[in-house]
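No experiment lies behind these values; they were computed from the predicted model shown. Proteins get letters first, then strands, A, B, ... in listed order; numbering begins at 1 in each.
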Amino acid sequence: MASQFTLGKKERLKSRKAIDHLFAKGNKKTIQPLRAVYMLTNDKSLLLGAGASNKNFPKATDRNRVKRLIREAWRLQKNELAEKLAGKAFGLHVFILCTDRELPAYTAVTLAVKKIIHLLEKEIESGQLLK
RNA sequence: ACUACAAGCCGGGUUGUCGCUUCCUGUUUAUUCAGGGGGAGGAAAGUCCGGACAGCACAGGGCGGUGUACCGGUGAAGAGCCGGCCAUGCGGCAGCAAUGCCCUAUGAGAGAAAGUGCCACAGAAAAUAACUGCCCCGGCUUCAUUGACGGGGUAAGGGUGAAAACGCGGGGUAAGAGCCCACGGCCGUUGAUGGUAACAUCAACAGCGGGUAAACCUUGCAUGCUGAAAUGCCACAUAUAGUACCAUUGAGGGCGGCCCGCCCGAGACUGCCUUAGGGCAGGCAUGGUACAGGGUAGGCAGCUUGAGUCUUCGGGGCAACCCGUUGAACAGAUAAAUGACAGCUACUUUGCGCAAGCAGAGAACAGAAUCCGGCUUACAGGCUUGUAGUUAUU
RNA sequence: UGGCCUGUAGCUCAAUGGUAAGAGCCGUUGCCUUAUACGCAACAGGUUAACAGUUCGAAUCUGUUCGGGCCAA
């Protein structure tokens, strides 16, 4: 349990219902190439979904690439966020989209994900997040 | 050696760290952890064809619809592939020409002699050709077979056109005409020979019908419909619910559209009339149509081993391909895994440098979703083979 | 995953296989007006999405490709 740069099945958003709910009621924040949709939940887990629109990336290869980059960046940086959440009584659902039209570089994605995580930490601490 | 074209093949390698998915073994209260194995393509794409598989439907026949179309082979099958036949086009040769032969490329290549339609413009005429011209006859007229008119014959000539009524030469005739003849072309029937066949060659007889079927159509052949969001099971949830209309004994339903014909078809209460059969009214039920809603959208199976793929050797076949045999692997995700970073190296390229080398950049098309066989399209760079051209050497 | 429809001028649409495609709006120029608008006149603007094929001839028929839209538990 020491080094946990993992992102298994349990740590990803997989339910169609949950995702529909998230998009219908969640908060949105845009940070340059990416956009995060997030919401607090009662199930005490930190779940991530990644996506890219069909319109901006018509080729399946590019969509796969974007999703992999987002997941990789999240995997390596999400631990501090998990620590903040550890003591609380709620979980967090996050869905990150790529809004750019062109394939982003790995470094740009890491930076943006880092910003998103800092932002989420702040909101958790100040208790601004609505359920 | 280089360039171009065609065909076939490859589509970077390796080490480390951190991850994802699946299977096996062990372990654990636990889909917890450990170890080991597998993990995108030649097109996974387009969905243009064909199947496998699944569900539903199904006595039969005709019509209709859709697809397809030289012949043979191959294969599970096809609008695929291989071989052949025929036609057409470019080029070359022969010939006055028609045409024939050779080379190469292309072909959705049944039927235009079953019928219907269409063929703009131009042209007399675009398909039962007499506008002009040519010729004959008649009366009239004129110096004159000169002129106009009327009746006929005639497809040789006529600015067109994509296409003009078999081609060319000769005979023949009032003028002409396959009317006749020589050479040649095409079509039909019959016969012979070769070929499995398409077809080819020869002979006889009868002919000369313009094009278009990717216009309608005719003929032969094939053909149920729907597709893994199929389909089966489990869990959760709900409303055998509601409203309107129609039908329920010769009504209706089935044969997926129509027709023939055939088959199926008695579930059912109350009241009134009636000898009975039966009739009328209402209700239940069943079925159908429409409206307006409600619930679920989780899991398991299907799900990856299949007419399979590649490979060694032998055999058959011109070839596609087939038969036997040796060996090797062969993904199963489901908001959807197959990745990220770093080093070394192979390749291409830019700059510096005499060179060795140093530094930087690039690396295509593209991502499985039930599975196969084809076709089509995209593709940096490289390899092999063949053909053609250029240069150099022998 | 499986189907269906569609592509013509900058926009909205026409055109039976037959003049190398037409109308309205838009645009440009001129006239009208002191000026603008309206109006009038003229002009420009198209490889009919691309490539092949059938045909004497293709926007139209056929095939392939590309783009756009829609439907389906």
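- Using a 4.0 Å cut-off between a side-chain N of Lys or Arg and a carboxylate O of Asp or Glu, A:K78 and A:E11 qualify as a salt bridge.
- Contact of the A:L92 side chain with the A:L47 side chain is not registered, since no non-hydrogen atoms from C-beta on lie closer than 4.5 Å.
- Ranking B:A335, B:G339, B:A336 by closeness to the A:R65 side chain, first place goes to B:G339.
- Rounded to the nearest Å, the gap between the C1' atom of B:C119 and that of B:A112 is 14 Å.
- Residue A:R75 has its side chain nearest to B:C18 when only B:A368, B:A340, B:C18 are considered.
- Nearest-nucleotide assignment on RNA chain B puts the 5′-proximal partner with A:L48, out of A:D62 and A:L48.
- Of the candidate nucleotides B:A366, B:G339, B:A336, B:A336 has the atom nearest to the side chain of A:R12.
- Between A:K67 and A:E72 no salt bridge is recorded (no basic side-chain N to carboxylate O distance below 4.0 Å).
- For A:R71, whose side chain is taken as the heavy atoms from C-beta onward, the closest listed nucleotide among B:C341, B:A335, B:A337 is B:A337.
- The glycosidic torsion of B:G111 lies more than 90° away from 0, placing the base in the anti range.
- Classification of B:G171 as anti follows from a glycosidic angle more than 90° from 0.
- A distance of about 43 Å separates the C1' atoms of B:U47 and B:U345, rounded to the whole Å.
- Across all strands shown, the partner of B:G80 is B:U74, judged by Watson-Crick or G-U wobble contacts whose two distances both fall under 3.5 Å.
- Summary of the strand contacts: A:K67 and A:N64 both lie near RNA chain B, and taking for each the nucleotide with the nearest heavy atom, the more 5' one is attributed to A:K67.
- Of the nucleotides present, none pairs with B:U29 by Watson-Crick or G-U wobble criteria with both distances under 3.5 Å.
- A distance of 5.0 Å separates CG of A:L46 from CH2 of A:W74, quoted to the nearest 0.5 Å.
- In this structure, A:K59 reaches the sugar-phosphate backbone alone: every heavy-atom distance under 4.0 Å involves primed, P, OP1 or OP2 atoms, never a base.
- Using a 90° window around 0 for the glycosidic torsion, C:A20 falls inside it and is classed as syn.
- Residue A:R63 contributes atom CZ, which lies 21 Å from atom P of B:A333 at whole-angstrom precision.
- Out of B:A40, B:A368, B:C18, the shortest distance to the side chain of A:L76 is found at B:C18.
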